[in-house]
There are 2 protein chains.
Amino acid sequence: MTRKKVTIREIAKESGVSIATVSRYLNKVSYTSPETERKIQKVLDQFSYTPNAVARGLAKQKSNTIAFITPDITNPFFPEMIKSIEYIAKRNGYSLLLISTNEEELKNKDFWNNLKSRYIDGFLLAQSDLSEEIKGYLDKVQMPFIRIDRGVQSDSNNSVSVKNYEGASLAVRHLIELNCKKIAHISGPKSVFPARGRLKGYLDTMKLYDRTPLVYEGDFTLKSGTDITERLLSEHKDVDGIFYANDLMAIGALKTFKKHHVQIPENIAIIGFDGIQLTEMVNPEISTIKQPVKKIGEIAVDQLITKIEQPDLAGHVNVELDVELIVRESSDRQNQRDS
Amino acid sequence: MTRKKVTIREIAKESGVSIATVSRYLNKVSYTSPETERKIQKVLDQFSYTPNAVARGLAKQKSNTIAFITPDITNPFFPEMIKSIEYIAKRNGYSLLLISTNEEELKNKDFWNNLKSRYIDGFLLAQSDLSEEIKGYLDKVQMPFIRIDRGVQSDSNNSVSVKNYEGASLAVRHLIELNCKKIAHISGPKSVFPARGRLKGYLDTMKLYDRTPLVYEGDFTLKSGTDITERLLSEHKDVDGIFYANDLMAIGALKTFKKHHVQIPENIAIIGFDGIQLTEMVNPEISTIKQPVKKIGEIAVDQLITKIEQPDLAGHVNVELDVELIVRESSDRQNQRDS
DNA sequence: TTGAAAGCGCTAACAC
DNA sequence: GTGTTAGCGCTTTCAA
């Protein structure tokens, strides 16, 4: 496939110019006469030369590689988000290094030294919640980075997230329009920022419509959806609408509903948050507030690359993307009326 | 965090030895006197020195990085498998580069040249089906690699896969023990090797028990599960057991069953193949033939690293892992009898 | 056991 | 415009 290894030196010799000229041509920096360019290009083709990326990296102190760091590779967002990230990165000439870490590791000096010693150009951090300690590290680590999604405090910079508050409001208003009388909220852990945003959106909107809020705290897992719904049903039999702080809990709740022969959406209308693919795979399909996962990835990597390539141009970024109400069977009472 | 950048040169100067000696100590190659070692180590700690990975890479022509290449990053296996791969890789001092490609790109010389120019040490290839053309490329590319899972032809080498045939047999026997009289199989695309293995397992086992086989060809997607089940039900109303060639199709079928008010497992017992997490999240939970996803990843990366570090020791590998029958609601007639 | 020095392959001043 | 040369930071002969 690739014969020997052909270096810039051969190319230079073969085209009768100096390696500097070849390098200049390759990097399109400063002018080279059209004629030499033609000569060089010819030899380049002939040898199907590819510059050695490592040598180039060493000389330029740059690897054209970014890292995606997360403790939580099995998060349902992951596949789709990674896909868009890798795609955009590649299009810009960057490769994607995948790193899964626990919080401990982020505090390890060696961890960061290692990234630096590899000239990793920047990283995306998808870490749920950062302790103050780690935030301190991040400030000092002196690398471009963007935080994604859940790891976002309202006061933070350099992050891409979604409008959790508005999304929650959308969800509640949707349930109200469905004529739900008693709308409960199964929240995420209050320690997590997006969970708080969604909770506040729920509370404020309920208030706006003069409703009495009813909140149970879950932990974003499937199981907690099942269990807490069980408790909710036993303690409040008259609930007829539930807004789950994420899809996974809503899906988990389906087991409980089935067990108690609760009809969805006839008896209770439910809606989740996130818009993971799973919502379309279960029965009934779950209504949700959809996050633009791909877009989150795209924007994050885009911002990161800007920070890398034009450090001065890129100030602190703080993007908040819109979410979208997706109505599916679990809250669709149009069809219901017909039957 | 990290002050200036401290190179091996400072370490050498500071400890009063040559950089060669420091390098030797760092790489634990050839002996160094205990005394110098102590001196060096002291300085090392003091500066919290990390060798520059890129420079080292250039000198050793090695990056300590492996690539995971797939066209299909949203495959449900992905998260868990990647997780185990990254874990083992890291434990062995390797990082994981994620590359998603279409088949076209694999035929592109530049693609491979790029990997080589970065001194990527090897790669895992999770590509469904490789054309002969690509297999030709792989032979010539001269890099260590292992193929994973679906990309496996029976005659291939350097691959890690599972016992598809035996798994299918397990599934069928399970349905027979459940007293199913007419057992159908929704296969995967016949062009895909694992699909063929599962089909053959089904056919042979049916024959073994003197049953008449009934096969419909699906394409492994959720939707094909829904649609083909629809057709199956209309054409063969007496089917009472279905073995789906993968879980996704079995899950898709649930919509059809619901629509036609078919009770699972009372009217029809079903079982899938793969053991993706989704099977536990739907209603009813789906029985399945579980692939040891983590193990597949672990073994693959393990083999790959062996190939990289001991090229002579590692001959051609061809691992076939065992699968496991997991009985869940969709084929559980123990509980059914009680009710 | 240790040091000197020649690479690894490319970039970027600096000079012409 | 183009060539010379000194790095980038580390490894690895080859001598001593």
Side-chain angles (χ1 to χ4, degrees), chain A residues 2-41 43-44 47-64 93 113-121, chain B residues 2-41 43-44 47-64 93 113-121:
Chain A
T2 331
R3 58 190 84 202
K4 279 292 163 186
K5 67 191 70 179
V6 28
T7 75
I8 196 174
R9 219 181 307 289
E10 339 281 343
I11 303 296
K13 195 191 310 176
E14 206 65 27
S15 27
V17 298
S18 75
I19 63 172
T21 303
V22 177
S23 172
R24 276 190 211 100
Y25 173 62
L26 250 24
N27 294 286
K28 311 267 181 246
V29 46
S30 101
Y31 290 107
T32 34
S33 85
E35 192 187 350
T36 33
E37 292 196 356
R38 240 181 294 107
K39 282 193 300 187
I40 296 176
Q41 186 58 56
V43 181
L44 248 30
F47 285 67
S48 73
Y49 166 78
T50 307
N52 182 306
V54 179
R56 179 176 276 178
L58 181 58
K60 296 174 82 145
Q61 320 244 86
K62 182 167 186 342
S63 65
N64 276 336
N113 281 341
N114 178 262
L115 286 192
K116 291 197 163 188
S117 92
R118 306 180 53 172
Y119 295 140
I120 298 302
D121 301 312
Chain B
T2 331
R3 59 190 83 203
K4 280 294 165 185
K5 67 191 68 178
V6 29
T7 74
I8 197 175
R9 217 181 309 288
E10 341 279 343
I11 303 297
K13 194 189 313 175
E14 207 65 27
S15 27
V17 297
S18 75
I19 63 172
T21 303
V22 177
S23 173
R24 274 189 215 100
Y25 173 61
L26 250 23
N27 294 286
K28 313 263 181 251
V29 47
S30 97
Y31 290 109
T32 33
S33 82
E35 192 187 351
T36 34
E37 293 195 357
R38 239 181 294 107
K39 281 193 299 187
I40 296 175
Q41 188 56 55
V43 181
L44 248 29
F47 286 66
S48 73
Y49 166 77
T50 309
N52 181 304
V54 179
R56 179 175 276 180
L58 181 59
K60 296 175 85 147
Q61 321 246 84
K62 181 165 186 342
S63 65
N64 275 342
N113 281 341
N114 178 261
L115 286 192
K116 290 195 164 186
S117 92
R118 307 180 53 173
Y119 295 140
I120 299 302
D121 302 312

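Between B:Tyr49 and D:dC10, a side-chain N or O to OP1/OP2 separation shorter than 4.0 Å is present. An OP1 or OP2 oxygen of D:dC8 is reached within less than 4.0 angstrom by no side-chain nitrogen or oxygen of B:Asn52. The side chain of A:Thr7 places no N or O atom within less than 4.0 Å of a non-bridging phosphate oxygen (OP1 or OP2) of C:dG9. Residue B:Thr21 places at least one side-chain N or O under 4.0 Å from the OP1 or OP2 atom of C:dG3. For A:Arg56, a side-chain nitrogen or oxygen approaches OP1 or OP2 of C:dT11 to under 4.0 Å. For A:Thr36, a side-chain nitrogen or oxygen approaches OP1 or OP2 of D:dT2 to under 4.0 Å.
For B:Lys60, taking side-chain heavy atoms from C-beta onward, the closest of the listed nucleotides D:dT12, C:dC10, C:dG3 is D:dT12. Of the candidate nucleotides D:dT11, D:dG3, C:dT11, D:dT11 has the atom lying nearest to any side-chain atom of B:Ala59. Closest approach to the A:Ala55 side chain among C:dC10, D:dG3, D:dC10 is made by C:dC10 (side chain taken as heavy atoms from C-beta onward). In this structure, of D:dG3, C:dA4, C:dG9, it is C:dA4 that holds the atom nearest to the side chain of B:Arg24.
What separates OH of B:Tyr119 from C1' of C:dC10 is a distance of 11 Å, to the nearest Å. Atom CG of B:Leu58 and atom C1' of D:dG7 are 13 Å apart (whole Å). Here D:dC8 presents its C1' atom at 9 Å from NZ of B:Lys5, a figure rounded to the nearest Å. With rounding to whole Å, B:Ile19 atom CD1 is found 7 Å from D:dC10 atom C1'. Spacing between atom CD of B:Gln61 and atom P of C:dC10 amounts to 11 Å, rounded to whole angstrom units. Atom CG in B:Leu26 sits about 15 Å away from atom P in D:dG9, given to the nearest Å. Rounded to a whole Å, the CZ atom of B:Arg38 is 12 Å from the P atom of C:dT2. In this structure, the OH atom of B:Tyr31 is 13 Å from the P atom of C:dT2, given to the nearest Å.
Within 4.0 Å of A:Val17, counting heavy atoms only, lie sugar-phosphate atoms of the nucleic acid but no base atom. Using a 4.0 Å heavy-atom distance criterion, A:Tyr25 is classed as making no nucleic acid contact. If you check every strand for non-hydrogen atoms under 4.0 Å, B:Ser23 touches a base.
Judged by the 6.0 Å and 45° rule, A:Lys28 forms a cation-pi pair with A:Tyr25.
A:Thr7 places none of its side-chain heavy atoms less than 4.5 Å from the side chain of A:Ile19.
When each of A:Leu58, A:Ile120, A:Leu115 is checked for a side-chain contact (heavy atoms from CB on, under 4.5 Å) with A:Ser63, only A:Ile120 meets the rule.
The two residues A:Glu14 and A:Val43 come nearest to each other via the heavy atoms CB-CG1, 3.6 Å. When every heavy atom of A:Lys5 is checked against every heavy atom of A:Glu10, the shortest pair comes out as O-OE2, 4.4 Å.
Between the side chains of B:Asn113 and A:Tyr49, not a single donor N or O lies within less than 3.5 Å of an accepting N or O.
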